[in-house]
Student: 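Structure in structure tokens, see below.
Only this structure's heavy atoms are used, side chains among them; waters, hydrogens and symmetry mates stay out. Proteins get letters first, then strands, A, B, ... in listed order; numbering begins at 1 in each.
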There are 2 protein chains.
Amino acid sequence: MTTDFDTLAQQLRDEGHKLTQPRRAILHALLDSSKPLSPAEIQERGQTYYADLGLVTVYRTLELMADIGIARAVHLADHCHGYALATPGHTHHVVCKHCHGVTEIVGCELGAFLASVADRTGYTITGHWLEISGICPTCQQNLPESKH
Amino acid sequence: MTTDFDTLAQQLRDEGHKLTQPRRAILHALLDSSKPLSPAEIQERGQTYYADLGLVTVYRTLELMADIGIARAVHLADHCHGYALATPGHTHHVVCKHCHGVTEIVGCELGAFLASVADRTGYTITGHWLEISGICPTCQQNLPESKH
DNA sequence: GATATAAATGAAAAACACTTTCAATACGGA
DNA sequence: TCCGTATTGAAAGTGTTTTTCATTTATATC
């Protein structure tokens with residue numbers, strides 16, 4: 001279950017990609033960190049492993065790693081790209097992957113889950129964000145058998 | 001429970017802010033829409049209510065409304081600003097509001113919740129994103145009584 | 001209703017984030 | 001070791017968000 005460098009490196013190669021110095025540096029930077037890093041931070045930290053690491057390469061490599069499943073994008077609170085009215089009371093969203101329509105789900109049944117998270121991690125939980133993606137009823141009809 | 005214009009407008013004023021024409025226009029634009037809008041979309045739609053609505057004002061007003069709790073930022077899938085290594089298996093994050101450290105929560109117990117969402121909304125659920133914020137154990141010690 | 005004043009605005013410019021293009025480089029199979 | 005191709009960094013391009021500042025507008029007070 002430990003995620004070590006060699007495992008990740010092998011995963012890259014298994015998918016048919018080259019294990020280059022920039023990619024090694026990016027992997028190391030991510031492995032070193034206990035928190036998500038912005039592309040710029042990854043470049044900075046990665047440069048301790050490979051001095052010439054370029055930002056463009058960081059973007060490309062992150063995209064590649066996310067595709068493969070090695071890395072994942074973490075939505076930070078700032079720089080969001082959409083706004084909606086906040087419905088009184090606590091709600092979550094379901095976003096349609098196809099038409100980008102949003103349906104709000106009223107009611108929040110995560111209490112027990114959050115309590116167990118607090119227990120397990122020692123955090124004081126102050127908030128949460130849940131976003132669910134899927135295909136809305138309308139798009140299901142309009143795209144009856146398209147796959148991707 | 002209905003969110004109407006007058007309620008929102010009053011909320012703005014109650015917080016000590018002026019109810020200007022640009023702000024009215026932005027409120028109307030958001031009220032009209034069933035999905036989250038980007039700042040540019042809000043400007044465009046808002047201009048049907050106030051022709052001179054500027055994009056800068058949209059940004060400022062959204063920030064204000066989010067502070068007050070009238071609007072909320074919706075994280076869209078694209079343009080994320082952080083990356084972390086993906087732990088094998090499905091995990092969620094707890095992000096510390098203070099040090100921005102991230103702890104991964106192994107295991108996902110949302111199955112039943114998601115099933116009920118699918119039922120209620122008619123969506124085919126394809127994925128979900130849960131992010132929990134709080135204060136990590138370390139920061140709780142280092143900030144014993146600081147508030148806000 | 002008129003006035004004063006502080007908040008709010010829009011335009012312009014700056015800062016920033018991300019993508020595309022392309023010639024040069026380096027990985028890894030032969 | 002050599003070769004073909006994937007990968008790279010620099011530069012330029014594009015779009016988004018923030019800052020600055022002079023002007024305008026909402027509202028409390030007269």
Student: Out of the candidates Ile26(A), Thr61(A), Leu55(A), only one should pair with Pro39(A) under the side chain to side chain contact (heavy atoms under 4.5 Å, CB included) rule; please name it.
Tutor: Leu55(A)

Student: When the distance from CG of Leu55(B) to P of dA8(C) is rounded to whole Å, what number comes out?
Tutor: 18 Å

Student: With distance as the sole criterion, is a donor-acceptor pair present between the side chains of Asp119(B) and Ser116(B) under 3.5 Å?
Tutor: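 Asp119(B) vs Ser116(B): no donor-acceptor pair found between side chains.
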
Student: Grab the CD-P distance between Glu44(B) and dG15(D) for me, whole Å please.
Tutor: 15 Å

Student: Taking only the side-chain heavy atoms of Leu19(A) (C-beta and beyond), determine which of dG28(C), dT8(D), dC21(D) contains the nearest atom.
Tutor: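 Minimum distance to the Leu19(A) side chain belongs to dG28(C).
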
Student: How about Asp14(B) and Ile68(B): do any of their side-chain heavy atoms sit closer than 4.5 Å?
Tutor: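 Sidechains of Ile68(B) and Asp14(B): no contact.
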
Student: Identify which nucleotide among dT18(D), dT8(D), dA8(C) has an atom closest to any side-chain atom of Thr20(B), counting heavy atoms from C-beta outward.
Tutor: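 The nucleotide sitting nearest to the side chain is dA8(C).
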
Student: Touch check for Arg13(B), heavy atoms < 4.0 angstrom, all strands: base, sugar-phosphate only, or nothing?
Tutor: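 Sugar-phosphate only.
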
Student: Nearest whole Å is fine: how far is dT17(D) P from Gln43(B) CD?
Tutor: 12 Å

Student: Rounded to whole Å, please give me the gap between CG in Leu12(B) and P in dT25(D).
Tutor: 19 Å

Student: Which one, dT17(D), dA17(C), dA10(D), comes nearest to the side chain of Tyr59(A)?
Tutor: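 Closest of the options to the side chain of Tyr59(A): dA17(C).
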
Student: Go nucleotide by nucleotide along DNA chain D from the 5' end; which of Val58(A) and Val56(B) gets its closest nucleotide reached first?
Tutor: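 Upstream on the strand: Val58(A).
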
Student: Tell me the interatomic distance from Leu64(A), atom CG, to dC27(C), atom C1', rounded to whole angstroms.
Tutor: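 So the two atoms are 15 Å apart, to the nearest Å.
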
Student: Check nucleotides 1-7 of chain C for protein N or O atoms closer than 3.5 Å to its own N or O atoms and list the pairs.
Tutor:
{"residue": "dA6(C)", "atom": "N3", "partner": "Lys18(B)", "partner atom": "NZ", "Å": "3.4"}
{"residue": "dA7(C)", "atom": "O4'", "partner": "Lys18(B)", "partner atom": "NZ", "Å": "3.4"}

Student: Is the side chain of Glu63(A) donor-acceptor paired with the backbone N or O of Arg60(A) at a distance under 3.5 Å, no angle test?
Tutor: no

Student: Taking CD1 from Ile26(A) and C1' from dT7(D), how many angstroms apart are they, rounded to a whole number?
Tutor: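 Computing the Ile26(A):CD1 to dT7(D):C1' distance gives 11 Å.
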
Student: Should Gln21(B) be listed as having a side-chain N or O under 4.0 Å from OP1 or OP2 of dT25(D)?
Tutor: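 For dT25(D), neither OP1 nor OP2 has a side-chain N or O of Gln21(B) closer than 4.0 Å.
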
Student: Measure from CG on Leu53(B) to P on dT24(D) and round the result to the nearest Å.
Tutor: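 Checked: the CG to P distance equals 18 Å.
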
Student: Short question: side chain of Thr48(B), backbone of Arg45(B) - any donor-acceptor pair under 3.5 Å?
Tutor: yes

Student: Identify whether Leu64(A) and Ile70(A) are in the same connected component of the hydrophobic contact network (ILVMFWY, side-chain heavy atoms under 4.5 Å).
Tutor: yes

Student: To the nearest angstrom, how far is Arg60(A) atom CZ from dT19(C) atom C1'?
Tutor: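 It is 9 Å, rounded to the nearest whole Å.
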
Student: Go through dT9(C), dT7(D), dA11(D) for me and flag the one nearest to the Thr61(B) side chain.
Tutor: dT9(C)

Student: Would you mind telling me which residue lines up with the more 5' stretch of DNA chain D, Glu63(B) or Pro22(A), judged by nearest nucleotide?
Tutor: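 Checking each residue's closest nucleotide, the 5'-ward one belongs to Pro22(A).
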
Student: When rounded to the nearest 0.5 angstrom, what is the spacing between CG in Leu12(A) and CZ in Arg23(A)?
Tutor: 6.5 Å

